[in-house]
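The structure appears below as structure tokens.
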Amino acid sequence: MKTLLIVCILAAYALPVGGTQNDVIKRVVFSKGKTTVTYAGKMPKVYEGYDSYVFRAKKGQTLDVALTAADPAAIVAIYETKVLDPEQNTILGNSEKRREWAAKLPVTGEYEIQVYTTEDSQESAPRTYSIQITLR
């Protein structure tokens, strides 16, 4: 029974969730003693698609996000997903069209960084990106 529970939990983090079948959700894991992680991914091919990076953080911690991508339309958005209501949960909206952002977090909760493209891709080759996330 315990093994089945672990398999179900792992599957929940590995399977795509969200607006399109290409959406990816990854749990951010900081190695012991480290405050920075870097992940690589492929840009979603459609505007509605996004990759998500989810983590817990405490009120007052500083979050620093830097997205690197050849795609000029690549941006990030940041949301708090558990404590704040939908009218207040946007920390950095995708309408701001930012690749870098740093600030203190407003509440203890679960945060989600979403990687978007603001244009549909006509390219057949995947477009790669890297995202560096620092939490202090």
Under the side chain to side chain contact (heavy atoms under 4.5 Å, CB included) rule, what do T118 and Y116 come out as? Steps first, then yes or no, please. CA-CA 6 Å; T118 58; Y116 286 92; 5.6 Å; no
Quick one: does any side-chain atom of [X] pair with a main-chain N or O of [Y] as donor and acceptor, under 3.5 Å?
{"X": "R136", "Y": "T35", "value": "no"}
{"X": "R127", "Y": "P44", "value": "yes"}
{"X": "E80", "Y": "K82", "value": "yes"}
{"X": "T108", "Y": "K59", "value": "yes"}

Is the shortest side-chain heavy-atom distance between [X] and [Y] below 4.5 Å?
{"X": "Y53", "Y": "V115", "result": "yes"}
{"X": "E112", "Y": "Y50", "result": "yes"}
{"X": "L135", "Y": "Y111", "result": "no"}
{"X": "I131", "Y": "I113", "result": "yes"}
{"X": "L63", "Y": "T134", "result": "no"}
{"X": "L84", "Y": "V107", "result": "yes"}
{"X": "V28", "Y": "F30", "result": "yes"}
{"X": "Y79", "Y": "L92", "result": "no"}

What is the distance from atom CD1 of I133 to atom CG of L67, rounded to the nearest 0.5 Å?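 With rounding to 0.5 Å, CD1 (I133) is 10.0 Å from CG (L67).
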What is the distance from atom CZ of R98 to atom CD1 of I75, rounded to the nearest 0.5 Å?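 Spacing of CZ (R98) from CD1 (I75) equals 11.0 Å.
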I need the minimum non-hydrogen distance between [X] and [Y], along with the two atoms involved.
{"X": "A74", "Y": "M43", "result": "CB-CE, 3.7 Å"}
{"X": "A73", "Y": "R99", "result": "N-NH2, 4.3 Å"}
{"X": "K58", "Y": "L105", "result": "O-CB, 4.2 Å"}

Go through E110 and T81 one step at a time and tell me if the side chain to side chain donor-acceptor pair (under 3.5 Å) criterion holds. CA-CA 6 Å; E110 184 172 270; T81 63; 3.2 Å; yes
So V65 and E100, side chain to side chain contact (heavy atoms under 4.5 Å, CB included) or not? Walk me through it. CA-CA 5 Å; V65 177; E100 295 182 0; over 6 Å; no
For the residue pair D51 and Y129, confirm or rule out a side-chain donor-acceptor distance under 3.5 Å. yes
